[in-house]
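Both backbone and side-chain heavy atoms feed into the values below; hydrogens, waters and symmetry mates do not. Proteins come first, then strands; the chains are lettered A, B, ... in the order of their sequence lines, and each starts at number 1. Computed from a predicted structure; not experimentally measured.
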Amino acid sequence: MEKKTEFVEAIVDKSKDFSRWYTDVVVKAQLADYSPIKGCMVIRPYGYALWEKIQSLLNARIKATGHQNAYFPLFVPEGLLAREAEHIEGFSPEVAWVTEAGSEKLEERLAIRPTSEAIICSMYAKWIDSWRDLPILINQWANIVRWERVTRLFLRTTEFLWQEGHTAHCTEKEAEEEALKMLGVYKDFIENDLAIPVLTGEKTEREKFAGALRTYSLEALMADGKALQTGTSHNLGQHFAKVFNITFQDMDEKRKYVWQTSWGVSTRLIGAIIMTHGDDSGLVLPPKIAPVQVIIIPIWGREEEKEIVASRVEEVERLLKAAYEVEVDWRSEYTPGWKFNEWELKGVPLRLEIGPKDVAKKQVVLVRRDTREKEFVSEEKVARRVGVLLDEIQADLFKRAKKFRNDNTRPASRIDEMEAILSEHRGFILASWCGSPDCEEKVKEKTMATIRCIPLGKRQAGKCVVCGKRGWAVYFSRAY
RNA sequence: CGGGGUGUGGCGCAGUUUGGUUUAGCGCGCUUGCUUUGGGAGCAAGAGGUCGGAGGUUCAAAUCCUCUCACCCCGACCA
């Protein structure tokens, strides 16, 4: 233990300095690095591989629910962005503008999209004319720029990658169903594939998306007890339809405005994975999104041993490659111990060791990343055992995260009780709120906690933690 | 944008208080060679910095002064 800190590659303890730990993991596991541009990061191959996993798994779900991918421009003319008053007001502090091209000043400056509602709505107005044109169900994978004052790797960067769905429907009911459907798709994806438990619910007026009628969100609890919004789904109502004049003629021959939704998740999810599952040794990746699921470490001493080991390693590799993401670490300049540490830092779910002793016994050594449990498995059973273990790790990570979330969700009936809980534990607090922005603000002032979401479904009655009037249960937390 | 902190080879740091024997030093990493390889290997020989940037004070600046940039932490704002 003492020795551990002497190594440059060592990362700071999670419990000692969570922020520092987080940055250490991101940089040292080579997920991302700081770039010469303020607030912008470079996503390195290992981090980008994670994003590609997220993309492919989520993309499949987005398509399975009937959406198509498209691509809209990076630029939004000021006139378009400014049409929806609440929208521009909400985003203007963080919009980057292009004002010149070459040596010429532009007549109308162009916003670099902070989100694409405006540019997409301008096209929908063109494409929609009849009820037969609806619904429009389009998604795009894109980059976004928001000039944030304070940035953190993956959690908040000036430029980030995301997916944004934009749909238009005939009726309010359809739009509402769509917004909730996508919230469900996200929940399914984040819980099943990323193994991160999330609370879902509606945002308050103060927290909702600029220009939306209603915003739904997914809220996860990070290991330091702060909440992280992992995705949003908005029912835009007819706000944008009215200012962009997106109308259609309905079956009843009347001209009507469409009802819209938009929804998105971003590279921030990678931050959520790190802060939910990681430990003092670094990343811990859920098998379903691990770019490398099994790392094989060959161990040898003398040259003859290397040959014997190599042939076994190649056999096992071939066997496992059929079903899993497998890599072999053949580097001879590092000792096995060094490799163990490095791959643990990178969060690979399973390590498979093959050395001379194993060859002699016709076995391999399997070690789980999450629990570090070691087991010896005979060669003929390796493939099946790897599958079982990966499934177990996936399930256990979710279980553990959920237990943590539940253990750190506490009820409170008065604001001083909230303060006490937050000063000691942080986490979610389930408490009642009367619905007034003043009471919401007062909680924030006194506890730094905000309403993360109002649970969906039947509202649970109670007395407001601030004013004592009739209200209903909502989740509070300090948040990223 | 407010409060605090940090910038010295690739990384982590010492040196800055009290300018000058420091040719700017140490650990890790890197290169080459040999020996190693079951929890961060050993020896040997090498390469690499002008001290975030600009200006100033001085015979002399990593060290003092001014400005500036970047990053980190804590707030206010946001995915």
- [ ] Go through the steps for Thr232(A) and Thr215(A) under the test side-chain hydrogen bond (donor to acceptor under 3.5 Å, both in side chains), then give the verdict.
- [x] CA-CA 7 Å; Thr232(A) 49; Thr215(A) 289; over 6 Å; no

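With rounding to whole Å, Asp33(A) atom CG is found 13 Å from rC71(B) atom P. Taking atom NZ on Lys28(A) and atom P on rG40(B), their separation rounds to 19 Å, with Å as the unit. We find that OH of Tyr22(A) is positioned 16 Å from P of rC71(B), with the value rounded to whole Å. The CH2-P distance, from Trp338(A) to rG40(B), rounds to 13 Å in whole Å. Across the protein-nucleic acid pair, Asp24(A) atom CG and rC71(B) atom P stand 18 Å apart, rounded to whole Å.
Using N1 to N3 plus N6-O4 or O6-N4 for Watson-Crick, or N1-O2 and O6-N3 for G-U wobble, each under 3.5 Å, rC1(B) pairs with rG75(B). With a cut-off of 3.5 Å on both pairing distances, rA47(B) has no Watson-Crick or G-U wobble partner at all. When both distances must be under 3.5 Å, the Watson-Crick or G-U wobble mate of rG20(B) is rC59(B). With a cut-off of 3.5 Å on both pairing distances, rG38(B) has no Watson-Crick or G-U wobble partner at all. Of the nucleotides present, rC69(B) is the one that pairs with rG7(B) by Watson-Crick or G-U wobble criteria, both distances under 3.5 Å.
Remark: Arg312(A) pairs with Glu379(A) by the side-chain hydrogen bond (donor to acceptor under 3.5 Å, both in side chains) rule, at least two apart or across chains. Partners of Lys444(A) according to the side chain to side chain contact (heavy atoms under 4.5 Å, CB included) rule, which considers only residues two or more places apart in sequence or in another chain, are Arg206(A), Thr450(A). Taking the side-chain hydrogen bond (donor to acceptor under 3.5 Å, both in side chains) definition, one finds that Glu219(A) meets it with Lys203(A), Ser217(A), Arg452(A), sequence neighbours left out.
Residue contacts for Gly271(A): at a heavy-atom cut-off of 4.0 Å it reaches no nucleic acid atom on any strand shown. Nucleic acid contact for Glu344(A): base, since at least one base atom lies under 4.0 Å from a heavy atom of the residue.
Comparing the same atom, C1', in rC77(B) and in rG29(B) gives a spacing of 40 Å after rounding to whole Å. With P as the reference atom, rG10(B) and rU6(B) are 22 Å apart, rounded to whole Å. rU17(B) and rA62(B) are spaced 12 Å apart, taking the P atom of each and rounding to whole Å. When the C1' atom is compared between rU63(B) and rU50(B), the two are found 14 Å apart, to the nearest whole Å. Of the C1' atoms belonging to rG75(B) and rC65(B), the separation is 31 Å, rounded to the nearest Å. Between rC67(B) and rC26(B), the two C1' atoms lie 33 Å apart (nearest whole Å). Atom P of rG7(B) sits at a distance of 10 Å from the matching atom of rG15(B), rounded to the whole Å. Only the P atoms considered, rG19(B) is 15 Å distant from rA60(B), to the nearest whole Å.
Trp141(A) CH2: more than 12 foreign heavy atoms inside a 6.0 Å radius. Applying the 6.0 Å contact sphere to CD of Glu89(A) captures no more than 12 heavy atoms from other residues, nucleotides or ligands.
A salt bridge does not link Asp224(A) with Lys226(A): none of the charged nitrogens is closer than 4.0 Å to a carboxylate oxygen.
No side-chain N or O of Trp259(A) forms a donor-acceptor pair with one of Asn235(A) less than 3.5 Å apart. Tyr216(A) and Arg214(A) share a donor-acceptor pair across their side chains, judged by distance under 3.5 Å alone.
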Task: Summary of protein contacts for nucleotides 73-79 of chain B, nucleotide by nucleotide, where a base hit scores B, a sugar-phosphate-only hit scores S (4.0 Å, heavy atoms) - done: SSBBSBB

If you restrict it to nitrogen or oxygen atoms, what contacts under 3.5 Å exist between nucleotides 32-38 of chain B and the protein, and what is each distance?
residue : atom : partner   : partner atom : Å
rU37(B) : O2'  : Trp300(A) : O            : 3.1
rU37(B) : O2   : Tyr334(A) : O            : 3.3
rU37(B) : O4   : Trp300(A) : NE1          : 3.2
rG38(B) : O6   : Gly355(A) : O            : 3.3
rG38(B) : O6   : Pro356(A) : N            : 3.1
rG38(B) : O6   : Lys357(A) : N            : 2.7
rG38(B) : O6   : Asp358(A) : N            : 3.4
rG38(B) : O6   : Asp358(A) : OD2          : 3.4
rG38(B) : N1   : Asp358(A) : OD2          : 2.5
rG38(B) : N2   : Glu353(A) : OE1          : 3.0
rG38(B) : N2   : Asp358(A) : OD2          : 3.2

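Within the structure, the side chain to side chain donor-acceptor pair (under 3.5 Å) test picks out the following pairs touching residues 347-360 of chain A (sequence neighbours left out): Glu344(A)-Arg351(A), Arg351(A)-Glu353(A), Asp358(A)-Gln363(A).
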